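Chain letters run A, B, ... following the sequence lines, proteins first, then strands; residues in each count from 1. The structure displayed is predicted, hence computed values, not measured ones.
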Protein chains: 2
Amino acid sequence: MTLTTYEQAQGKGQSALRTALLDTASGLLVDEGPGALSMRRIAAAAGCSTTVLYTLFGGKDGLVEALYIEGFARFRRRFETVHDDDPPGYLWALGRAYRDNALAERNYYGLMFEKPIPGFQPSPEALRAAGETFDYLERAVRACLDHGRIAPGDPRVIAESFWSVVHGVVSLELAGHLSDPEAVFMAAITACAPRFEPGAHPDDPKEGTCPAVS
Amino acid sequence: MTLTTYEQAQGKGQSALRTALLDTASGLLVDEGPGALSMRRIAAAAGCSTTVLYTLFGGKDGLVEALYIEGFARFRRRFETVHDDDPPGYLWALGRAYRDNALAERNYYGLMFEKPIPGFQPSPEALRAAGETFDYLERAVRACLDHGRIAPGDPRVIAESFWSVVHGVVSLELAGHLSDPEAVFMAAITACAPRFEPGAHPDDPKEGTCPAVS
DNA sequence: TATTATGAAGTAACGATGTTATGGCGGTGA
DNA sequence: TCACCGCCATAACATCGTTACTTCATAATA
């Protein structure tokens, strides 16, 4: 006979059970969107009753918060694959990775930055963990500062403003508001490009292709 | 005896009835957030049954879409109060007005850019009407171009990238991700400032206060 | 071994939600 | 007076998050 996801993980302790149920929920989120995240649906997909979900996660908000944190962890894993020896080029590549990840994991991105679960509000700890994901950006900004490739300033503020620019484009793109998302992405990023030395990065577009930079 | 909102509007034709019910829903949205927007709550607050809401709006999505459009109309009204003879200064002021309006009408902003109503997706027409709200930005960009105060490019793309920057900051600010929202707002906007002639706008910060501009 | 206790988990209920079918009520025309 | 028609309240249905109740397997103890 075939064992349900729940039965397979049951013997491996509570921790494995937790991750197994989270995987089930994650699959529902990715495949069908946040609307599929009902306690009954998740329990049925895993092969158990809703009671287990409540004892392990405390409620729907606890389960959604775990997915919220997982979403930022996926961002972090994506950032870890980015490498560039040139500091501004690295920052640029992180921006690209951000957009790539958001488009690839659209439903996770929605869970993180839209509010598709009516009552859910991330706890202060989850919010802090989310913010720490973007320490990657701050370190990249710091490297730019150390190499004198960027105008001086508070690295945190610069990193968060960079994050805001990339997030703004992606958010409007996903909402369907942008006529030409790729062009707007390039224009918005290169609008910040005067911070860097021109042509510092191989992906730096040729002059004239990006309207915001003279 | 006192008449309910519904009874007062009933005699003035269907159009007045529609706006009266929308006002009721708008009040619930502003006062208690999108979670208060249930068909039963709205009907009870107006003093009628849910049937009327279905005949007038077709369903919850129709009602929410009307509020969605109203949210962008409020943006438009806010933009109309902005005046500045200097083209880049006008664009700058529109950015400020955007943030001011988003913070003042937080729940409307949530309805427009977060997804607090599970099934709701704005129709293509609503999405187009929403985008037209930001023709203000495009016209402002055009004025900058006409006066040679900005590097040449597609006005629509430039306007949408400007919108993205402002929206990105406001969105992360409302989500609680920014350590110092005002500083990040200034940094992000002034990161685009090299498009304009330095000191073109009286609000242009002194050098050194904004880390992103050298 | 027999009995008890403990903890986990399934069942079913409660209130609330969006939606719709049913039925009544008040007008209008014959 | 009677039939008809449009509007609307009522009540039902399925689904949702949540929880009290019950069951059952396992471990500890006499």
- prompt: Val52(A) or Gly59(B): which one's nearest nucleotide on DNA chain C is closer to the 5' end?
  reply: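 With Val52(A) and Gly59(B) compared, the 5'-side residue is Val52(A).
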Could you check whether [X] pairs with [Y] (Lys NZ or Arg NE/NH1/NH2 to Asp/Glu carboxylate O, under 4.0 Å)?
| X | Y | result |
| --- | --- | --- |
| Glu132(A) | Arg76(A) | no |
| Asp135(B) | Arg156(B) | yes |
| Arg77(A) | Glu70(A) | yes |

Distance check needed: [N] [atom2] versus [X] [atom1], whole Å only.
| X | N | atom1 | atom2 | result |
| --- | --- | --- | --- | --- |
| Leu53(A) | dC16(D) | CG | P | 13 Å |
| Leu17(B) | dC7(D) | CG | P | 11 Å |
| Leu21(B) | dC8(D) | CG | C1' | 13 Å |

task: Please confirm whether the backbone N or O of Arg78(B) pairs with a side-chain atom of Asn101(B), one donor and one acceptor, at under 3.5 Å?
output: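 Looks like no, no N/O pair under 3.5 Å.
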- request: Using atom types as modelled and distance alone, determine if a side-chain donor or acceptor of Glu65(A) lies under 3.5 Å from a backbone N or O of Ser123(A).
  value: yes
Just so I know, are the side chains of [X] and [Y] near enough to count as touching, which here means a heavy-atom distance under 4.5 Å?
| X | Y | result |
| --- | --- | --- |
| Tyr98(A) | Phe134(A) | yes |
| Val184(B) | Ser164(A) | yes |
| Tyr68(A) | Tyr108(A) | no |

- line: Once base and sugar-phosphate atoms are separated, protein heavy atoms under 4.0 Å mark nucleotides 11-18 of chain C, 5' to 3', with B, S and - as B-B---BB
- prompt: Residues from residues 108-115 of chain A sitting under 4.0 Å of DNA chain D, heavy atoms only?
  reply: none
